[in-house]
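One structure below.
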Amino acid sequence: MDPFEDTLRRLRETFHAGHTRPAEFRAAQLRGLGRFLQDNKQLLHDALAQDLHKSAFESEVSEIAISQGEVTLALRNLRAWMKDEHVPKNLATQLDSAFIRKEPFGLVLIIAPWNYPLNLTLVPLVGALAAGNCVVLKPSEISRSIEKILAEELPRYLDQSCFAVVLGGPQETGQLLEHRFDYIFFTGSPRVGKIVMTAAAKHLTPVTLELGGKNPCYVDDDCDPQIVANRVAWFRYFNAGQTCVAPDYLLCSPEMQERLLPALQSTITRFYGDDPQSSPNLGRIINQKHFQRLRALLGCGRVAIGGQSDESDRYIAPTVLVDVQETEPVMQEEIFGPILPIMNVRGLDEAIEFINRREKPLALYAFSNSSQVVKRILAQTSSGGFCGNDGFMHMTLASLPFGGVGASGIGQYHGKFSFDTFSHHRACLLRSPGMEKLNAIRYPPHSPRRLRMLLVAMEARGCSCTLL
Amino acid sequence: MEREVQRVRQAFLSGRSRPLRFRLQQLEALRRMVQEREKDILAAIRSDLCKSEFNAYSQEVITVLGEIDFMLENLPEWVAAKPVKKNLLTMLDEAYLQPQPLGVVLIIGAWNYPFVLTIQPLIGAIAAGNAVIIKPSELSENTATILAKLLPQYLDQDLYIVINGGVEETTELLKQRFDHILYTGNTAVGKIVMEAAAKHLTPVTLELGGKSPCYIDKDCDLDIVCRRITWGKYMNCGQTCIAPDYILCEASLQNQIVQKIKETVKEFYGENVKESPDYERIINLRHFKRILSLLEGQKIAFGGETDEATRYIAPTVLTDVDPKTKVMQEEIFGPVLPIVPVKNVDEAINFINEREKPLALYVFSHNNKLIKRMIDETSSGGVTGNDVIMHFMLNSFPFGGVGSSGMGAYHGKHSFDTFSHQRPCLLKSLKREGANKLRYPPNSQSKVDWGKFFLLKRFNKQKLGLLFLTFLGIVAAVLVKKYQAVLRRKALLIFLVVHRLRWSTKQR
């Protein structure tokens, strides 16, 4: 028995009936999302604290406010985004109406991860709903408390004829993926990303894959180590390092490393106190499996700062590793934890070469007072996104698209990019039924004279246009 | 195969294909190739599809030249970084989108317009700064051969290579890793391409096909309608992905439509269509037999003549076609035009929606409301109203499918975008670390509120301007230099606090 058959059929029927098309309907859905965030604020804070030991600050700033911001942005711009986009015409189409119509795809599947379980579920959802789709949401079963709220509370705020939450683990998700969707939006690991895309290929379903990788962070010699330490530490240990765009490892000279270590220690103490485990501002690892994985990584290289762990609490101290070999596990997989390895390089060239030897990351960071250095790194590397002299601040700007490239992902979203991602851009040309004389040149029979005329016209033309 | 792809990748990694000047040079060289070797190219297309010089030129070469010129004109603007709107948190920073090449692009061409469907994507890939491997369709052998011969003579031989071969070679090729694959062809192979791409997480653009419906309303000028449809349908002997595949109309119109199409065919191709130099042939025997089989059991209103020796199929129209028959089950891709009678536009819309989303949709009517309704209540890659094919010709349109007719789009700037990564860049300074104290732990409720403020507060540009002037006024009023810095900070703080308080009260 297929547990999803009925739900999917119901949603498809609603879509075909056209219910999700009118702007008013979509706006009502978005307002419902906004109310969900407002009404359940405390519940959500508690759930995030339960799942990831997130502080009120982190929950507010990286989950609730971001989601709220996207809802507001979409509501404000919905009608503008939905408008037909008129395009420049050529000689042949001068008298016609030429526009791009933004259409919903139909049935959208959103598979969300556990590290920012609210943000990474709701922000894509905003885009999908604004674009007029029906949505099936598959929240992560690993962030259990948020999953429960999304399953029990969220549907009450949305029209359930075009929205459903489905629950389950890898097996159920696999079953779900056998069905046909009109778009699949997946956030998670590259390994599962491949599985999702392979499943999508069977139905020719377009996908957006927000994956990950190891985000390099280059630190130039001429920086103030304390400022660098503040910024890097904040972004590395935010959410106990479980952020797809966190700086994964540092690249710097041995001299810079000497200056950074005491600065990092000072920062960590200032942020989390002498006993970080008792700080309310440090998160915890999501589950035992990841805790064990991270604890094993503590054995790589040499622990310069931190290194403590507590299994009963799934706590790992803010850690810095040095003397790490490229072949060690901590440099082979995305860390996704509060561990920062420092790799030594002798200068920018070696750093760039190091970065380019590896898969394209989701984010790239470079700290330097010299804009030359920053621009050079930008020009000679590739990554989903880039921030100079800070961490993932580029994500907070909705006018910048967010997504990966290469192994770190396919597609981009946030703000208007979400709306465009979940829309089919349909080229519409409305010609007039008259003016048939103008078409005469395209009809056979064609004479050599006509070909000569055409060639002459092509030579003579000043701008590019197709005569037909 | 692996070695070939590696060689191209090494060429890309050398960075040669990135500078604007190089890309423009290559595009200019490509243009020269098309102009200087026009005869060879047209001859190859003729051998493959029996296409006349005029047709090959006007259907394929013109589009390629137009596309190259469009790129040459606009590329300098497109490659530049584009600044984006900033928020309060990033006010003093540089924020922009920088397009970058993806790397090694694979273009798998099709046989029906073997030149343009391979070269137009190539133009986009070169413009975006990539290295390219081109795999022309082996069915259009002569074009494949000429491309392999000409491209290395004009373009960089390490960055842009042609690999020829059949199914086996293509399968081998698809095992390699690319940074983007653009495939033009049929749905079945499209799935294979996407599945192969999934193994490497390679983004794909799939230009597939389907049955493009053509609805003819009672309220239209049938003369003109039938001329336009005849032109679009029998062009390239029906082997066009966006040809009107079948007609939907009220039963009473059928006879007139048949009559007018018949007349138009005579006008276009003469009494003996077989002898018209403007009428093409079916690409090969397999497709010839396939299309023949679609005629079985059908009511042939006119046409139906065939000649296996020359792979000739006459322009044919079928009437009263049963939607369950074979001709309505697959994309025809031939000069056979079924007419499926429907009661009215409602039935037509339902008919279309019960089927896979097509690559193109056509609707003929004087009634604009009806056309609008057709567009509103259906989906397709693209639409042309009151004509056929034409939306392909405007390169400010993204050209692509939806659902089983494809994913992604290209042409013009859309090609450039398809083959680029638009990289968001935020450049901050190492100064002003004091401002960051708001975000660092240990946190407090006030920090939480500040956090929300900076993320959610929206500034009205005019108000901001006025307040900025006030702020400037405060600064200007300071006479003693050594207090300037302190006062500036205090003013900014006052400004922010005032706004924060006002905003907080609004929030409650």
Side-chain angles (χ1 to χ4, degrees), chain A residues 55-57 60-61 65 69 87-88 90 92-93 98 103 190 193-194 197-198 201-202 204 206 223-224 227 234 271-272 281 369 374 378 382 385-390 393-394 396-397 399-401 405 407 410 424-431 433 436 442-446 451 454 464 466 468, chain B residues 53-54 58 62-63 66 69-70 84-85 87 89-90 95 100 190-191 194-195 198-199 201 203 220-221 224 231 268-269 278 366 375 379 382-387 390-391 393-394 396-398 402 404 407 421-430 433 440-443 447-448 451-452 455-456:
Chain A
S55 64
F57 180 84
E60 194 62 60
V61 151
V87 298
N90 62 15
T93 47
E103 292 185 338
K194 289 181 185 177
M197 189 169 172
T198 306
K202 294 194 170 47
L204 286 171
C223 298
D224 178 338
I227 295 182
W234 192 64
F271 283 5
Y272 309 111
N281 300 124
N369 273 313
V374 170
L378 262 175
S382 184
F386 177 89
C387 188
N389 292 323
D390 212 357
M393 286 307 291
H394 60 287
T396 63
L397 201 50
S399 52
L400 284 176
V405 66
I410 298 176
H424 165 55
H425 298 233
R426 189 183 192 187
C428 300
L429 181 67
L430 303 186
R431 310 209 77 198
E436 186 61 0
R442 72 188 193 190
Y443 299 141
H446 303 304
L451 178 58
L454 195 57
S464 65
T466 21
L468 293 169
Chain B
E53 261 197 358
F54 183 92
S58 63
I62 274 193
T63 308
D69 288 339
F70 188 72
V84 299
K85 209 156 73 154
N87 60 15
L89 277 170
T90 47
Q100 288 189 314
K191 291 183 183 174
M194 188 170 174
E195 202 179 315
K199 291 193 171 55
L201 288 169
C220 72
D221 181 341
I224 295 181
W231 169 70
F268 286 2
Y269 305 110
D278 298 317
H366 277 138
I375 298 180
S379 187
V383 178
T384 295
N386 287 324
D387 207 342
M390 293 306 288
H391 64 281
M393 306 295 192
L394 189 54
S396 41
F397 274 147
V402 66
S404 63
M407 60 180 76
H421 170 55
Q422 294 284 354
R423 188 187 197 186
C425 302
L426 182 63
L427 304 184
K428 300 186 77 89
S429 124
L430 282 168
E433 180 63 357
Y440 297 146
N443 304 127
K447 283 197 181 177
V448 175
K452 269 173 65 178
L455 281 173
L456 295 177

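Order of the sequence lines sets the chain letters (A, B, ...), proteins ahead of strands, with each chain counted from 1. Scope of the values below: all heavy atoms of this structure, side chains included, with no hydrogens, waters or symmetry mates.
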Partner residues of Glu195(B) under the side chain to side chain donor-acceptor pair (under 3.5 Å) criterion, sequence neighbours left out:
none
Test your reading of the model: is there a side-chain donor-acceptor pair from Asn389(A) to the backbone of Lys428(B), 3.5 Å cut-off?
yes
Name the region of Met407(B), side chain, backbone, both or neither, that has any atom closer than 4.5 Å to a heavy atom of chain A.
side chain
Tell me, for Glu103(A) versus chain B, whether the close heavy atoms (under 4.5 Å) come from the side chain, the backbone, both or neither.
side chain
Spacing of Thr93(A) atom OG1 and Phe397(B) atom CZ [to the nearest 0.5 Å]:
7.5 Å
So, taking the atom named CZ in Arg426(A) and the one named NE2 in His391(B), what distance separates them when rounded to the nearest 0.5 Å?
9.5 Å
Below 4.5 Å from any heavy atom of chain A, which atoms of Tyr269(B) appear? Answer side chain, backbone, both or neither.
side chain
Chain A contact via Leu427(B) - which portion, at a heavy-atom distance below 4.5 Å
both
Top contributor to chain A contacts, counting heavy-atom pairs under 4.5 Å, from Asp278(B), Thr90(B), Leu89(B), Asn87(B):
Asp278(B)
Taking every heavy atom of Ser396(B) against every heavy atom of Val87(A), the minimum-distance pair comes out as OG-CG2, 3.6 Å
Quick one: closest heavy-atom pair of Arg431(A) and Thr384(B), and the distance?
CG-CG2, 4.1 Å
When only pairs under 4.5 Å are counted, which of Pro445(A), Gly69(A), Ala65(A) shares the most heavy-atom pairs with chain B?
Pro445(A)
Most chain B-contacting option - heavy-atom pairs closer than 4.5 Å, from Gly193(A), Pro206(A), Ala56(A):
Pro206(A)
Kindly write out the residues that satisfy ring-ring contact (aromatic ring centres under 6.0 Å, His included) with His425(A), not counting sequence neighbours, or none if the list is empty.
none
Counting only non-hydrogen atoms closer than 4.5 Å, does His446(A) touch chain B with its backbone (N, CA, C, O), its side chain (CB onward), both, or neither?
both
Toward chain A, the part of Asp221(B) with a non-hydrogen atom under 4.5 Å:
neither
Whether Arg423(B) side chain and Val405(A) backbone form a donor-acceptor pair below 3.5 Å:
no
Taking side chain as everything from C-beta outward and backbone as N, CA, C, O, which of these in Leu430(A) sits under 4.5 Å from a heavy atom of chain B? Side chain, backbone, both or neither.
both
So what's closer than 4.5 Å to chain A heavy atoms on His421(B): side chain, backbone, both or neither?
side chain
Between Pro444(A) and Phe268(B), the two heavy atoms sitting closest are O-CD1, 3.3 Å
Between Lys447(B) and Phe57(A), which heavy-atom pair has the shortest distance, and what is it?
O-CE1, 3.5 Å
In Å, rounded to the nearest 0.5 Å, how long is the span from CD1 of Ile224(B) to CD of Glu436(A)?
5.0 Å
Can you measure from SG (Cys223(A)) to CG (Leu430(B)) and round to the nearest 0.5 angstrom?
5.0 Å
Return the minimal non-hydrogen interatomic distance between Pro424(B) and Pro401(A), and the atom names on each side.
CG-O, 3.2 Å
With only heavy atoms counted, which part of Ser429(B) is less than 4.5 Å from chain A, the side chain, the backbone, both or neither?
backbone
Most contact-rich option vs chain B, by heavy-atom pairs under 4.5 angstrom, among Thr198(A), Asp224(A), Val374(A), is Thr198(A)
Output the option from Ser404(B), Pro442(B), Pro441(B) having the highest count of non-hydrogen pairs under 4.5 Å with chain A.
Pro441(B)
N/O donor-acceptor pair under 3.5 Å between Arg442(A) side chain and Trp231(B) backbone
no
Leu201(B) versus Ala407(A), closest heavy-atom pair with distance
CD1-O, 4.0 Å
What part of Lys191(B) is in contact with chain A, defined as an atom under 4.5 angstrom from a non-hydrogen atom: side chain, backbone, both or neither?
both
